[in-house]
*Asks:* 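Before I ask anything, here is the structure I am working with.
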Amino acid sequence: MERHEENHFALISQWYDKLAPFTFETKFLPLTVDEYNAIVAYRGRGREISTLYQFLKDDPEQLAQLKQMEPINMISESNRESLRSLEQKLDTLIEQFETGAFVRLDSRSPKDAVINSSVLKVELEKEIRNRPHDDPYSEECCIDDSIAFWRCMSKVQRVTIGKEAMNLLLGSNRVTEDIIKGRLAQGESYKTQLVLRKWSDIEPEIEFRAFVVNGSITGISQYHKTCFVPSIKENKEKIQQLIFEKHKEVSPYVEAPNGTYTIDFAIDRNCEKAIVIEVNSPPPVAGTSLFIWENEEDQALLLNGPYSFRVLEHNVPWTDQTDIPTHLRHYIDQLRNRNIPNTTTTTSTTTTTTTTATTHTDTDTNTNTNTNTNTNTNTNTNTNTNTNTETNTNTNTDTNTNKEEENEICSIQ
């Protein structure tokens, strides 16, 4: 069953009530037909502008005219009114969260809208300036830059007013795609809603995805597959234990077919507790991070075990961090005054640790740390194909446009 179908188990609205004690406070805002149609109309115009950019990029005169075009002026007055109304509703709901909120559709987040946002560049500049390095080509600098990117990606998704939430929703292909697919799957009965989650300053680089088959974890992976985090390497046994303990608490409440799903966890900065982020479909709908679904051995591990835990053991060379869009890696290079061709001088290799237990059940968490084998697997994580838009941040088809402002709507007047 696809998540676009009615009452799919991975929709937040389907699991939140039962998992509320284990995750972030969440509120829901049902979308009217007029509101979600207006979102689709706006995004469609935005994509038309992006397409024109590709054809007119060598024509300065027409490009100048194109820059004056705004999607909000290209949709009907009734659509504009629906968007104004929605923004006001969001203002009211967001005010209930003192720390701000994370906004998303019931099915997926609008994280792809962040990629082209000029706000992201502003945050990246601040973060890089706060992390000075004498040698911009050093491994330490590479590690810092990678972590800085993911923290900024997260930070830009915090919203404090309705307009900020609308910027993300209207700039996201993921949101529009889910609405369209939902309408196709459910017809006139289609309903969806926005989800507002209380903002928490978790460290996004310390996020993990667990793969569950028949109610038992068969594998856990660091979520960001090219971001080496020293604290993960140092605390991997403790992290593993926290995830198993938390999953044991929540698993009775996850109503997935055959007890098979993926579930994402954040680990607090003191490495003292695991927090449920969300429940997802099993692979291949959900991405597999450091496991390569197209690899038969990895796929067999995730489907049948034995249990494996994978984290990066070494830094990934900066030029190999393909999870970070190329134009943003180059932007960080500029901030560092780093000669882009010279970044290939980084010599660190990418390895993962696979901890395999011969037997494992959720009721015996002691086997997490007393595993029978510890093997270092030289896995080329950069070949992991982007078959799943749920987890890949660079799936936005508009990422090559030069018009960053397209993802930041003007005031809806």
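The figures that follow rest on heavy atoms only: side chains count, while hydrogens, waters and symmetry mates do not.
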*Asks:* Whether Arg336 and Asp144 form a salt bridge (side-chain N of Lys/Arg under 4.0 Å from carboxylate O of Asp/Glu) is what I want to check.
*Replies:* no

*Asks:* Using 4.0 Å as the upper bound for N to carboxylate O, is an ion pair formed by Glu48 and Arg43?
*Replies:* no

*Asks:* Quick check: do Leu194 and Leu169 have side-chain heavy atoms less than 4.5 Å from each other?
*Replies:* yes

*Asks:* Please determine whether a side-chain nitrogen of the Lys or Arg among Lys27 and Glu25 lies less than 4.0 Å from a carboxylate oxygen of the Asp or Glu.
*Replies:* yes

*Asks:* Is it true that Glu87 and Arg84 have a side-chain N and a carboxylate O under 4.0 angstrom from each other?
*Replies:* no

*Asks:* Decide yes or no for Asn337 and Pro136: does some side-chain heavy atom of the first lie under 4.5 Å from some side-chain heavy atom of the second?
*Replies:* no

*Asks:* Do the charged groups of Glu127 and Arg131 touch, with an N to O distance under 4.0 Å?
*Replies:* yes

*Asks:* Please work out which of the three classes, parallel, tilted or perpendicular, describes the rings of Tyr261 and His247, given edges at 30° and 60°.
*Replies:* tilted

*Asks:* Would you indicate whether the side-chain heavy atoms of Thr262 and Val285 approach each other to under 4.5 Å?
*Replies:* no

*Asks:* Within the structure provided, determine whether Thr160 and Phe97 are in side-chain contact (heavy-atom separation under 4.5 Å).
*Replies:* no

*Asks:* Compare all side-chain heavy atoms of Val276 with those of Phe265 and state whether any distance is below 4.5 angstrom.
*Replies:* yes

*Asks:* Check this for me: does any side-chain nitrogen of one of Asp268 and Lys273 sit under 4.0 Å from a carboxylate oxygen of the other?
*Replies:* no

*Asks:* Under a 4.5 Å cut-off applied to non-hydrogen side-chain atoms, are Phe211 and Ser216 in contact?
*Replies:* no

*Asks:* Where do Phe24 and Phe102 land on the ring pair (Phe, Tyr, Trp, His ring centres under 6.0 Å) test, with the steps shown first?
*Replies:* CA-CA 10 Å; Phe24 310 105; Phe102 174 80; 8.9 Å; no

*Asks:* Evaluate Tyr16 against Tyr253 for ring pair (Phe, Tyr, Trp, His ring centres under 6.0 Å), listing each step before the verdict.
*Replies:* CA-CA 10 Å; Tyr16 175 71; Tyr253 305 109; over 10 Å; no

*Asks:* So, for Arg197 and Val195, which heavy atoms are closest and what is the spacing to 0.1 Å?
*Replies:* CG-CG1, 3.8 Å

*Asks:* Whether Glu272 and Lys238 form a salt bridge (side-chain N of Lys/Arg under 4.0 Å from carboxylate O of Asp/Glu) is what I want to check.
*Replies:* no

*Asks:* Can you check whether Ile275 reaches Lys246 side chain to side chain, under 4.5 Å on heavy atoms?
*Replies:* no

*Asks:* Are any of the side-chain nitrogens in Lys89 or Glu35 under 4.0 Å away from the carboxylate oxygens of its partner?
*Replies:* yes

*Asks:* When you measure from the centre of the six-membered ring of Trp318, is the NZ or CZ of Arg338 closer than 6.0 Å and no more than 45° off the axis?
*Replies:* yes

*Asks:* Does this structure show an ion pair linking Lys248 with Glu245, if we count only N-O contacts that are shorter than 4.0 Å?
*Replies:* no

